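Here the structure is a predicted model, which means the values were calculated and not measured. Values below: every heavy atom of this structure, side chains too, minus hydrogens, waters and symmetry copies.
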Amino acid sequence: MGKAPDPDGPSTPSAKAGSDAANPGDRPGTIMQGDRRKAYRPLSPEARRSALEAGLHAYSQGDFFEAHELLEPAWMGTDDLTERALHQGLIKVAAACVHAGRGNPPGIIKNLAGARRHLALALPLGAAWGVDVAALLADVDARLADPSLAATAPAPVIRRTPLA
């Protein structure tokens, strides 16, 4: 499936980060992701993997807010847009679970829809990070198709796979 993150650089086309004369609107510490500037705080592949593992562990324990917080460095730590999509999709799944715990159906749906958009972009990279993105997408799609399920079902399971 996807390939492992390359420690020497992104595995897919990336957005230009930082600032240069060709892009005077660029700001240091940001990256274009879609049509918006997002934070970029470079981290090594090992540090990003550690953040992912810590976030997924917190998620598996039902600590969805902590999972969201622990996953953010992995998302902000790369300029690889596909990898960013994976981490941001997982963050949004965790955020949807936070909203479920607060009894906020609009927040659940908004975050699941965002998770779906990001995870669909990340599908090719899931195996490299040990995440069954296809199964998670199916779960998210089922919840989006039936908002009552989104508000009442247990949190989506993030299945792990052997690293590719």
Side-chain angles (χ1 to χ4, degrees), residues 1-7 9-15 31-36 38-101 107-147 149-151 153-164:
M1 271 192 146
K3 65 181 188 177
D6 180 352
S11 61
T12 59
S14 63
I31 187 170
M32 284 302 293
Q33 188 175 357
D35 62 350
R36 299 172 124 186
K38 299 290 184 169
Y40 175 52
R41 311 284 183 271
L43 285 179
S44 69
E46 296 79 19
R48 295 191 312 270
R49 184 158 312 271
S50 180
L52 174 85
E53 294 301 330
L56 292 181
H57 177 75
Y59 185 94
S60 73
Q61 300 300 305
D63 193 345
F64 306 119
F65 184 82
E66 183 70 5
H68 171 282
E69 293 297 311
L70 291 169
L71 288 164
E72 280 192 343
W75 166 59
M76 291 189 292
T78 183
D79 63 354
D80 180 311
L81 297 179
T82 304
E83 183 184 337
R84 285 178 73 90
L86 173 66
H87 301 308
Q88 194 168 13
L90 295 170
I91 288 167
K92 289 197 169 285
V93 169
C97 295
V98 169
H99 284 281
I108 299 167
I109 298 304
K110 178 180 177 185
N111 279 283
L112 287 177
R116 204 235 175 272
R117 281 190 309 277
H118 290 292
L119 291 170
L121 296 172
L123 197 55
L125 201 58
W129 287 86
V131 176
D132 187 343
V133 174
L136 186 53
L137 271 171
D139 193 336
V140 167
D141 285 343
R143 291 162 194 268
L144 289 171
D146 182 356
L149 177 65
V157 174
I158 300 175
R159 292 181 182 85
R160 303 306 306 273
T161 62
L163 296 176

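When all heavy atoms are compared, the tightest approach of Ala39 to Met76 is CB-SD, 3.4 Å. The nearest pair of heavy atoms linking Leu119 to Leu137 is CB-CD2, 3.7 Å. Residues Pro156 and Leu136 come closest through the heavy atom pair CB-CD1, 3.9 Å. Taking every heavy atom of both residues into account, Leu43 and Pro73 meet most closely at CD1-O, 3.3 Å. In terms of heavy atoms, Gly126 sits closest to Val133 at CA-CG2, 3.6 Å. Of all heavy-atom pairs between Ala94 and Ala67, the closest is CB-CB, 4.3 Å.
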**Report entry** CA sep, side-chain torsions, deciding dist, call: Leu52, Leu71, side chain to side chain contact (heavy atoms under 4.5 Å, CB included)
**Finding:** CA-CA 6 Å; Leu52 174 85; Leu71 288 164; 4.0 Å; yes
Report task. Please lay out, stage by stage, how Val93 and Asp139 fare under the test side chain to side chain contact (heavy atoms under 4.5 Å, CB included). Result -> CA-CA 10 Å; Val93 169; Asp139 193 336; over 6 Å; no
Report task. Quick one: do Lys38 and Gln88 satisfy side chain to side chain contact (heavy atoms under 4.5 Å, CB included)? Show the steps, please. Result -> CA-CA 11 Å; Lys38 299 290 184 169; Gln88 194 168 13; 4.2 Å; yes
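For the atom pair Ile91 CD1 and Trp75 CH2, the distance stands at 6.0 Å (nearest 0.5 Å). Residue Gln33 holds its CD atom at 12.5 Å from OH of Tyr40, rounded to the nearest 0.5 Å. Separating the OG atom in Ser50 from the CG atom in Leu70 is a distance of 9.5 Å, to the nearest 0.5 Å. Note that CZ of Arg143 and CZ of Arg116 are 14.5 Å apart. Values are rounded to the nearest 0.5 Å. A distance of 5.0 Å separates CG of Leu144 from CG of Leu112, quoted to the nearest 0.5 Å. Within the model, atoms CZ of Arg84 and CG of Leu125 stand 13.5 Å from one another, a figure rounded to the nearest 0.5 Å.
A distance-only check finds a donor-acceptor pair linking the side chain of Arg160 to the backbone of Trp129 [under 3.5 Å].
Surrounding NZ of Lys110 are at most 12 heavy atoms belonging to other residues, nucleotides or ligands under 6.0 Å away.
The shortest distance between side-chain heavy atoms of Glu53 and His57 does not fall below 4.5 Å. Taking the side chain as every heavy atom from C-beta outward, Val98 and Asn111 never approach each other to under 4.5 Å.
At a cut-off of 3.5 Å, with distance as the only test, a side-chain donor of Glu83 or His87 sits close to an acceptor on the other residue.
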